[in-house]
Amino acid sequence: MPELPEVETIRRGLVRKITGRLIVDVSFGSRDAIRRIINMPPKKFLRKLKRRKITGLRRRGKFIIFELESHFLVIHLGMTGQLTLRDPRKNDEPFVRHPATGLQRTRQHPPDRHTHVAFFLENGNSLLYRDTRQFGRMFLVRSADYKDFFGKLGLEPFTPQYRLCAFAERLKKRRLPIKALLLDQSFVAGVGNIYADEALFEAGIHPARLACSLLPDEQERLFKALSLVLRRGIRYGGTSFRDYVNAQGETGQNQEDLRVYGREGQPCFRCGGPVTKIMLRQRGTHFCSACQRPHPY
DNA sequence: CGTTGATCCTGGGCGC
DNA sequence: TGCGCCCAGGATCAAC
């Protein structure tokens, strides 16, 4: 589910509301789900979090990172993870799936069978972690281990380290389809299936091209396309295809602005030809077969 | 070493 | 209505 723009949108929606707050309690859902999601016994997790103050909120790739006093709580939302705030003074609304779009409409909701962790804050609000498919993970990382934890993660877009020369150098070493490389978090952090397809379309590059075969101007177009589509995703509050909601429980708007993802058979915005969908490494892959040629010559 | 495909889950949608 | 199958914003890991 959530790629860099979605995680960043959640972060921005939470940062003012939880920074400086104390975690007074943590409650858990079903045992089996908790064992998968948290990297330690729940009692230990609770002991380490109780009475801790949240001093800040960061993001690295698709990870959202809660700064505590001696630790970081690192959360990866997997495919269907949701982090939402619940204010007991406001009314709850049930999850409602829109019959036509399939999108969920909700503001805040009470915990249900997919709500696996609730963090209770001293101001009465709670932060709910809900995850239908249970692919998300939470880690408590000691401050000293922080760098190590993210050691293998790749270039971070929108930072000074995200530079064309580093990008091109990494590209040249890899002999696999460029789409597959874009999904590899040790290359560029934060890119997932939607934004990989969107960036390749913007750059006019066929998803099955071998990464090492990209010509210099293609490398540069892809480098720029990635930051373009990610920035656009953030500006529109993320892409809601199914489960993604922001910290307030609202869907994003970026699905209205996608060029190829989810548009199979519909006209390419550039040439008018039909958008093609193929399976590449078990992932749905959308592109325009006229604008994104399999061979550059 | 690098690359690949199976696997972990639940649920929605489709064909029969 | 129901069943079986395929698909879904992801990442890990055994096997080549």
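Note on naming: letters A, B, ... go to the chains in the order of the sequence lines (proteins, then strands), and numbering restarts at 1 for each one.
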Mind checking A:Lys277 for me? I need base, sugar-phosphate or nothing, with any heavy atom below 4.0 Å counting as a touch.
sugar-phosphate

If you draw the axis of the six-membered ring of A:Phe269, does the NZ or CZ of A:Arg263 fall within 45° of it and under 6.0 Å from the ring centre?
yes

Using a cut-off of under 3.5 Å, enumerate the N/O to N/O pairs linking the protein to nucleotides 11-14 of chain C.
from   : atom 1 : to      : atom 2 : distance (Å)
C:dA11 : OP1    : A:His76 : NE2    : 2.8
C:dA11 : OP2    : A:Lys62 : NZ     : 2.9

Separation of C:dC6 C1' from A:Ile278 CD1 (nearest whole Å)
18 Å

Under 4.0 Å between a Lys/Arg side-chain N and an Asp/Glu carboxylate O for A:Arg232 and A:Glu202?
yes

Between C:dG9 and B:dT3, how far apart are the P atoms? Round to whole Å, please.
22 Å

Are there more than 12 heavy atoms of other residues, nucleotides or ligands under 6.0 Å from atom CZ of A:Arg35?
no

Within this structure, what is the CZ-to-C1' distance between A:Arg242 and C:dC6, rounded to whole angstrom?
12 Å

Would you say a side-chain N or O of A:Arg174 is under 4.0 Å from OP1 or OP2 of B:dT3?
yes

In chain order, what residues pass the side chain to side chain donor-acceptor pair (under 3.5 Å) check against A:Arg133, with sequence neighbours excluded?
none

Identified side chain to side chain donor-acceptor pair (under 3.5 Å) partner of A:Glu122 from the options A:Lys53, A:Arg21, A:Arg51:
A:Arg21

P atoms of C:dC3 and B:dC9, separation to the nearest Å:
22 Å

Verify whether the ring centers belonging to A:Phe149 and A:Phe72 lie closer than 6.0 Å.
no

What's the gap between C:dC6 and B:dA6 when it is taken at their P atoms, as a whole Å value?
12 Å

Measure from CG on A:Asp131 to P on C:dG9 and round the result to the nearest Å.
15 Å

Of A:Asp112, A:Thr84, A:Thr80, the one forming a side chain to side chain donor-acceptor pair (under 3.5 Å) with A:Arg130 is A:Asp112

With a 4.0 Å cut-off on heavy atoms, is A:Gly136 in touch with a base, just the backbone sugar-phosphate, or nothing at all?
nothing

Base-contact (B) and sugar-phosphate-only (S) positions in nucleotides 4-10 of chain B, heavy-atom cut-off under 4.0 Å, - elsewhere:
BSS-BBB

For A:Ile178 and B:dT3, what is the distance between atoms CD1 and C1' respectively, to the nearest whole Å?
15 Å

Please work out the stems of DNA chain C from pairs that are Watson-Crick or G-U wobble with both distances under 3.5 Å, keeping only runs of three or more consecutive pairs.
B:2-8 with C:10-16, B:10-16 with C:2-8

Which side chain to side chain donor-acceptor pair (under 3.5 Å) pairs, counting each pair once, include a residue from residues 158-170 of chain A, with sequence neighbours left out?
none

Between A:Lys152 and A:Ser186: side-chain donor-acceptor atoms closer than 3.5 Å:
no

N-glycosidic conformation, C:dG4 - syn within 90 degrees of 0, else anti
anti

Atom CZ of A:Arg170 and atom P of B:dC1: how far apart are they, to the nearest Å?
17 Å

Over how many whole Å does the gap from A:Asn246 atom CG to C:dG9 atom C1' extend?
15 Å

Residue list, ring-ring contact (aromatic ring centres under 6.0 Å, His included) with A:Phe150, at least two apart or on another chain:
A:Phe63, A:Tyr146

Taking atom C1' of C:dA8 as reference, at what distance in whole Å does atom CD of A:Glu264 sit?
14 Å

Euclidean distance, atom OH of residue A:Tyr261 to atom C1' of C:dG10 [Å, nearest integer]
12 Å

Report yes if the distance between the aromatic ring centroids of A:Phe119 and A:Tyr129 is under 6.0 Å, otherwise no.
no

On a heavy-atom basis, which atom in A:Ile54 and which in A:Ile18 lie closest, and how many Å separate them?
CB-O, 3.7 Å

Side-chain N or O of A:Tyr195 versus OP1/OP2 of C:dG9: is the shortest distance under 4.0 Å?
no

